[in-house]
Amino acid sequence: MPKCVSVGLLIRRGEKKHLSMLFKLFITLLLIHSPVLGESSSEEDNGSSEQEGHTKGSSNGNHWGYNDQRSWRSTFGDCGGTSQSPIDIETRDVSYNPSLPAIKLQGYDLSGQPGLKLENNGHTLQLQLPKTMRIVKGFDQVYLAAQLHFHWGTTEVPGSEHTIDNVHFPAEIHVVHYNSKYENIKEAATKPDGLAVLGAFIGIGLHENENYGKILSEIKDVSAEESSTTIPSFNVRHLLPNSLERFFRYSGSLTTPPCYQSVTWTVFNDTITVSRKQLAALELTLKAGHNHSLSENFRAPQNLNGRQVLASFQSSHNVYDKLSRGDILAIAFGVLFALTLLLFFLYAYRQRQNHSKMSDTRQNVIYKQATKEDV
Ligand SMILES: *[C@@H]1O[C@H](CO)[C@@H](O)[C@H](O)[C@H]1NC(C)=O
Ligand SMILES: *[C@@H]1O[C@H](CO)[C@@H](O)[C@H](O)[C@H]1NC(C)=O
Ligand SMILES: *[C@@H]1O[C@H](CO)[C@@H](O)[C@H](O)[C@H]1NC(C)=O
Ligand SMILES: [Zn+2]
């Protein structure tokens with residue numbers, strides 16, 4: 001650009017003093033702005049994430065509860081590992097990976113088949129699933145279903161386990177599958193490629209969700225800890241979002257002790273909605289222990305520790321944020337630098353003008369004075 005060339009020439013013509021002033025100014029600007037960089041890159045620090053103090057009780061008999069999450073690791077070593085779940089999914093930090101294969105489910109429609117066991121195990125509401133339900137595409141192996149369960153909060157506290165940009169959803173469903181190359185889920189649970197969990201967020205909608213009703217309408221029967229009932233089979237596919245195409249993928253763990261780091265997580269971007277009343281049934285009905293309500297059964301987000309979160313989709317939001325972090329900062333510096341240069345040259349130009357004016361008048365004065373005194 002010709003402007004750049006002229007700028008270069010002007011610099012050469014400018015005084016050294018001014019150049020060093022300009023340099024100092026630029027460095028100062030850099031220093032002022034660098035904390036912004038530092039801040040955004042250290043967001044993964046665990047500082048704020050380890051919020052605790054959840055369920056009142058529920059540690060009876062099962063040796064762990066949600067109100068002492070920090071102590072899980074003393075009994076269950078893996079809970080202190082470096083690939084733990086859940087995590088906060090920072091949408092601007094995920095990498096779009098167009099080659100993530102689409103997920104294909106098979107045998108999820110259980111209509112007309114034998115009933116399913118629904119139980120309150122003291123930690124969650126769980127539905128046993130037959131291994132005829134499977135993920136047939138999306139992974140290197142076929143994964144067979146074992147159970148699905150939920151995580152929730154209270155009517156005041158949203159209780160999803162994963163968070164999106166640090167925001168919890170009211171609840172979350174997990175459909176747990178194990179790698180068909182292993183004999184059973186117990187054997188698979190300790191293997192790095194052992195488990196595949198499909199997770200989806202549950203929000204509040206205007207209408208009752210008929211499919212969730214198949215489970216939630218029976219919840220009173222399992223209000224006591226360690227109680228179970230059999231519910232009619234239905235199409236379990238309908239508990240997941242309409243589209244399974246948009247999801248986040250990362251390597252993590254069971255979110256409850258023993259926290260084995262054997263889960264390939266798929267967290268769907270699209271959410272499910274249930275009515276406020278249905279959600280309240282989940283939040284208020286179940287008991288853990290004799291008189292404690294089973295609620296806030298979600299683990300705090302865990303450190304990523306350098307793990308990459310992949311996304312099967314690209315959102316405009318995502319692209320914009322990527323731009324805002326790196327490029328916009330660079331652009332801002334560029335503009336700032338150009339402005340600084342411009343101001344400097346304006347200043348230098350005016351100095352030069354003043355200087356030449358001053359020397360003109362001085363000459364005149366001297367000349368006049370000289371003539372006066374001489375005369
Ligand atoms: C982060 O976690 C580690 C290990 O869990 C802990 O030692 C450290 O104090 C935590 N840092 C902050 C800022 O909480
Ligand atoms: C449960 O709570 C009720 C009322 O608070 C009390 O009467 C009852 O004895 C409690 N039951 C147990 C088993 O603690
Ligand atoms: C992902 O989910 C968010 C929140 O529900 C939604 O606003 C967004 O449109 C979704 N992204 C895509 C690509 O569908
Ligand atoms: Zn779970």
Side-chain angles (χ1 to χ4, degrees), residues 1-50 82-83 86-100 162-168 245-252 265-270 301-352:
M1 279 189 286
K3 264 182 192 166
C4 288
V5 175
S6 60
V7 161
L9 288 173
L10 280 166
I11 284 175
R12 241 171 267 148
R13 286 173 60 188
E15 287 169 49
K16 266 189 187 164
K17 195 177 73 186
H18 289 143
L19 252 183
S20 75
M21 258 178 56
L22 177 70
F23 184 67
K24 272 183 198 159
L25 184 62
F26 187 63
I27 292 298
T28 312
L29 285 170
L30 254 175
L31 286 175
I32 287 169
H33 283 78
S34 57
V36 175
L37 277 168
E39 215 169 53
S40 50
S41 60
S42 66
E43 265 168 14
E44 279 157 23
D45 280 359
N46 45 355
S48 62
S49 62
E50 237 31 80
T82 54
S83 298
I87 58 162
D88 171 48
I89 297 168
E90 284 288 323
T91 53
R92 66 183 174 193
D93 289 342
V94 304
S95 344
Y96 168 53
N97 186 335
S99 61
L100 269 179
H162 289 92
T163 55
I164 301 282
D165 298 329
N166 287 309
V167 175
H168 282 273
E245 284 162 26
R246 294 176 287 275
F247 59 83
F248 302 102
R249 168 69 51 77
Y250 78 98
S251 296
W265 276 97
T266 303
V267 178
F268 295 110
N269 183 70
D270 294 16
Q302 305 294 301
N303 282 340
L304 263 186
N305 294 314
R307 280 175 291 171
Q308 183 72 258
V309 180
L310 305 177
S312 69
F313 62 102
Q314 198 167 24
S315 66
S316 50
H317 173 75
N318 195 348
V319 172
Y320 173 77
D321 273 348
K322 276 228 157 66
L323 199 69
S324 78
R325 179 176 266 194
D327 302 344
I328 290 185
L329 209 66
I331 291 165
F333 272 122
V335 169
L336 220 61
F337 185 65
L339 271 175
T340 314
L341 270 181
L342 201 73
L343 283 173
F344 164 70
F345 287 120
L346 264 173
Y347 169 75
Y349 179 70
R350 291 187 71 159
Q351 285 289 95
R352 267 174 65 97

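These numbers come from the heavy atoms of this one structure, side chains and all, not from hydrogens, waters or symmetry mates.
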Using the side chain to side chain contact (heavy atoms under 4.5 Å, CB included) rule, take V309 and D93 through it: C-alpha gap first, then chi angles, then the decisive distance, then the call. CA-CA 8 Å; V309 180; D93 289 342; over 6 Å; no
Closest contact, heavy atoms only, D165 versus E90: OD1-CA, 3.3 Å
Centre-to-centre under 6.0 Å for F313 and F248, is that the case here? yes
With rounding to the nearest 0.5 angstrom, report the CZ to CZ distance, F345 to R352. 11.5 Å
Relative to the ring of W265, is the ring of H162 parallel (under 30°), tilted (30 to 60°) or perpendicular (over 60°)? perpendicular
How long is the gap from OH on Y250 to OG1 on T266, to the nearest 0.5 Å? 10.0 Å
Check D88 against N166 and note the closest heavy-atom contact, atom names and distance. OD1-N, 2.6 Å
To the nearest 0.5 Å, what is the distance between CG (L304) and OG1 (T82)? 11.0 Å
Taking atom CZ of F247 and atom CG of D270, what is their separation to the nearest 0.5 Å? 12.0 Å
Taking atom CG of L341 and atom CG of L346, what is their separation to the nearest 0.5 Å? 11.0 Å
Give a yes or no answer on whether the side chain of R249 reaches the backbone of A311 with a donor-acceptor pair at less than 3.5 Å. no
Between S83 and R307, what is the shortest heavy-atom contact and its length? C-NH1, 3.1 Å
Indicate whether the side chain of N269 and that of E245 have a donor and an acceptor atom separated by less than 3.5 Å. no
Can you check whether L343 reaches Y347 side chain to side chain, under 4.5 Å on heavy atoms? no
